Amino acid sequence: MNKEITSELAQGKFTDEMLNHMRSMIGTELRTDGCVNNEFATRIAIMRFCEGIGDDNPLWTDPSHAAQTQWGALLAPPSFIFACLASIQFGWAGLGGFHAETLLDFYKPIRMDDRINCRIWFDGFDGPDESNFGGRRIKDYIRQEYRNQNDELVAKFICSRMRFERGEMQKRRETRKIELPHPWSPEELAQIDIDILSEVPRGATPRYWEDVTVGDELDVLTKGPIGLTDEIAFVAAGAAPIPRIAAHRVSLKRYQKHPKWAFRDPNTHAYEPVYSVHYNDYAARLQGAQAAYDVGVQRTCWQIHGLTHWMGDDASLKSANSQYRSHVYLSDVVRLGGRVEAKEIDADGDHIVRIVTWANNQRGQNVMPGTAVIKLPTRPHV
């Protein structure tokens, strides 16, 4: 077996050689073969993705409901692009990484049975600079463009990650220590269930632009307590990034070719991917976190879930931006909301509202501040 795979995550360092190499790669189009999860937005692929993010909006899940809308058939939620290709592993060998920011623009809806192709470019990086959170770091930028079978641009995704030296991150772990799992009371857990089950999508009732007022707040969407199955469901949804998760001989061949992608778990003695920081406490601690934590784009899927629930079937999401602050750990609860900050007619002639969004955990932290732009229908003129 490959002796380079140990029970530790790789401990890379920022070096002049690494930085110079990565500067030379700016503008490079990257290979995607090992990261594509879905090519077609089939009914089953859409359903599996919606189940993986906990979104039962009938526009995505009920063919009879969708047939009565202006779309005439099922759509995939805008976040389905992550189920086609969430992101890609590129460069920074042996360094740790946390997803820092997502910038999304949407141009076309994804209709059932559309074929989605993604192309990716490395757009560069900022830094390195110093941070109290993890020491020396850089922020890189990966640009992803998704097109359908007609070569129409469906969406654009700018994925930014913070890269850091894992050893430095581990040294600071105790300064961020919190009580985990969170000590929920039975009464609190019962209320969380009530809140989740009371959530209803806007659906077929149009939310007209004329009826929206600056200052209006979106309905609150609740996620949690986050559990292991939530993370497994997200992987099964096809939204796990960089690269696809595999088993047995298939994964072992990949790890021998790229030993920094894996480690040997000292409890099970199995090889695990670095991605397992999202469901393996041991791996998460090696990454400098307290315990297993959610995926960045998973959190953005929740943001988009809340936005599409509020806006209704006749609206369109034009953009959604999000920044990731702090970890969302297994056992945490996140409540997502937003507020209308402006309404206007934009340069495309669309009647839009601009939204500020948030995602607050039980500790009072906004773990994902964001913004969004939604095109709303207008009242028919008689």
Side-chain angles (χ1 to χ4, degrees), residues 1-39 82-99 117-123 125 138 140-144 159 161-167 169-170 231-232 234-236 238-280 282-288 292 295-297:
M1 293 296 100
N2 195 317
K3 297 183 182 303
E4 293 183 82
I5 304 177
T6 70
S7 61
E8 298 289 328
L9 297 185
Q11 296 276 347
K13 296 283 188 181
F14 284 111
T15 64
D16 290 340
E17 180 182 11
M18 175 188 287
L19 293 168
N20 289 335
H21 171 69
M22 293 304 291
R23 288 189 187 101
S24 74
M25 298 298 291
I26 295 173
T28 300
E29 183 171 358
L30 308 179
R31 294 190 299 271
T32 62
D33 291 348
C35 300
V36 173
N37 287 314
N38 286 296
E39 289 184 309
F82 299 135
C84 299
L85 197 156
S87 191
I88 192 167
Q89 179 67 45
F90 171 69
W92 312 112
L95 296 181
F98 291 133
H99 196 165
N117 175 61
C118 183
R119 296 178 65 186
I120 302 183
W121 293 265
F122 177 54
D123 279 352
F125 61 95
I138 62 92
D140 65 6
Y141 302 91
I142 302 289
R143 173 168 46 95
Q144 307 183 192
C159 176
R161 290 192 182 90
M162 291 296 182
R163 301 290 186 178
F164 54 85
E165 297 174 357
R166 290 192 175 102
M169 197 69 166
Q170 290 172 12
E231 300 311 308
I232 294 172
F234 192 64
V235 174
I242 57 164
R244 284 194 301 270
I245 290 177
H248 307 306
R249 176 179 167 83
V250 173
S251 62
L252 182 56
K253 287 168 65 178
R254 292 176 183 173
Y255 298 155
Q256 289 196 326
K257 185 176 180 180
H258 301 284
K260 290 183 172 62
W261 287 4
F263 67 97
R264 189 185 285 280
D265 188 303
N267 298 309
T268 64
H269 306 292
Y271 289 123
E272 297 287 355
V274 173
Y275 180 83
S276 67
V277 296
H278 300 298
Y279 49 80
N280 182 307
Y282 173 79
R285 288 192 291 270
L286 293 179
Q287 187 82 325
V295 185
V297 294

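The structure presented is a predicted model; accordingly, all values stated were derived computationally and were not measured. Any value given below was found using the heavy atoms of this structure, including those in side chains, with hydrogens, waters and symmetry copies removed.
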Engineer: What's the spacing between Cys84 SG and Gln144 CD if we round to 0.5 Å?
Structural biologist: 11.0 Å
Engineer: Does the side chain of Val277 come within less than 4.5 Å of Phe98's, by heavy atoms?
Structural biologist: no
Engineer: I'd like to know if the side chain of Arg244 reaches the main chain of Asp33, judged simply by a donor and an acceptor atom lying under 3.5 Å from each other, with no hydrogens or angles considered.
Structural biologist: yes
Engineer: Is there a side-chain contact between Ser276 and Tyr282, using heavy atoms and a 4.5 Å cut-off?
Structural biologist: no
Engineer: Can you tell me how far the OG1 atom of Thr6 sits from the CD atom of Gln11, to the nearest 0.5 Å?
Structural biologist: 9.0 Å
Engineer: Distance from Cys118 atom SG to Phe82 atom CZ, nearest 0.5 Å?
Structural biologist: 10.5 Å
Engineer: Mind checking the CE-CZ spacing from Met25 to Phe125? Nearest 0.5 Å is all I need.
Structural biologist: 12.0 Å
Engineer: Working to the nearest 0.5 angstrom, can you tell me the gap between Lys260 NZ and Ile5 CD1?
Structural biologist: 11.0 Å
Engineer: Please check: side-chain N/O of Arg161 versus main-chain N/O of Asp140, any donor-acceptor pairing under 3.5 Å?
Structural biologist: no
Engineer: In sequence, state the C-alpha distance, the side-chain angles, and the governing distance for Ile232 and Tyr279, and then conclude on side-chain contact (heavy atoms from CB on, under 4.5 Å).
Structural biologist: CA-CA 8 Å; Ile232 294 172; Tyr279 49 80; 5.6 Å; no
Engineer: Could you tell me if the side chain of Phe14 sits less than 4.5 Å from the side chain of Trp92, heavy atoms only?
Structural biologist: yes
Engineer: Heavy atoms only: give me the nearest Ser87-Cys159 pair and the separation to one decimal.
Structural biologist: OG-SG, 3.6 Å
Engineer: Taking the side chain as everything from C-beta on, heavy atoms only, tell me whether Phe90 gets closer than 4.5 Å to Arg31.
Structural biologist: no
Engineer: Near Asn267 CG, under 6.0 Å, is it more than 12 heavy atoms from other residues, nucleotides or ligands?
Structural biologist: yes
Engineer: Which pair of heavy atoms, one from Ala284 and one from Ala292, lies closest together, and at what distance?
Structural biologist: CB-N, 3.6 Å
Engineer: Does some side-chain heavy atom of Phe122 sit less than 4.5 Å from a side-chain heavy atom of Ile142?
Structural biologist: yes
Engineer: Can you give me the closest heavy-atom contact between Ala283 and Asn280, atom names plus distance?
Structural biologist: N-OD1, 3.0 Å
Engineer: Identify the heavy atoms of Arg264 and His269 that sit nearest to each other, and give their distance.
Structural biologist: NH1-O, 2.6 Å
Engineer: I want to check something: taking the side chain as every heavy atom from C-beta on, are Leu19 and Met22 in contact at a cut-off of under 4.5 Å?
Structural biologist: no
Engineer: Report, as yes or no, whether the 6.0 Å neighbourhood of atom CD on Glu17 holds more than 12 heavy atoms from other residues, nucleotides or ligands.
Structural biologist: no
Engineer: Given 3.5 Å as the limit, does a donor-acceptor pair link the side chain of Asp123 with the main chain of Tyr141, or not?
Structural biologist: no
Engineer: Would you name the heavy atoms of Glu8 and Leu286 that are closest together and state the gap between them?
Structural biologist: OE1-CD2, 3.3 Å
Engineer: Taking salt bridge (Lys or Arg N to Asp or Glu O under 4.0 Å) as the definition, give me every residue that meets it alongside Lys13, ordered by chain and number, with sequence neighbours left out.
Structural biologist: Glu165
Engineer: Please give me the minimum heavy-atom distance between Ala93 and Met18, naming the atom from each residue.
Structural biologist: O-CE, 3.6 Å
Engineer: Give the intermediate values and the outcome of side-chain contact (heavy atoms from CB on, under 4.5 Å) for residues Phe263 and Glu272.
Structural biologist: CA-CA 6 Å; Phe263 67 97; Glu272 297 287 355; 3.5 Å; yes
Engineer: How many angstroms lie between CZ in Arg119 and CG in Leu85, if you round to the nearest 0.5 Å?
Structural biologist: 13.5 Å
Engineer: Sub-3.5 Å donor-acceptor pair from the side chain of Arg166 to the main-chain atoms of Gly94, do we have one?
Structural biologist: yes
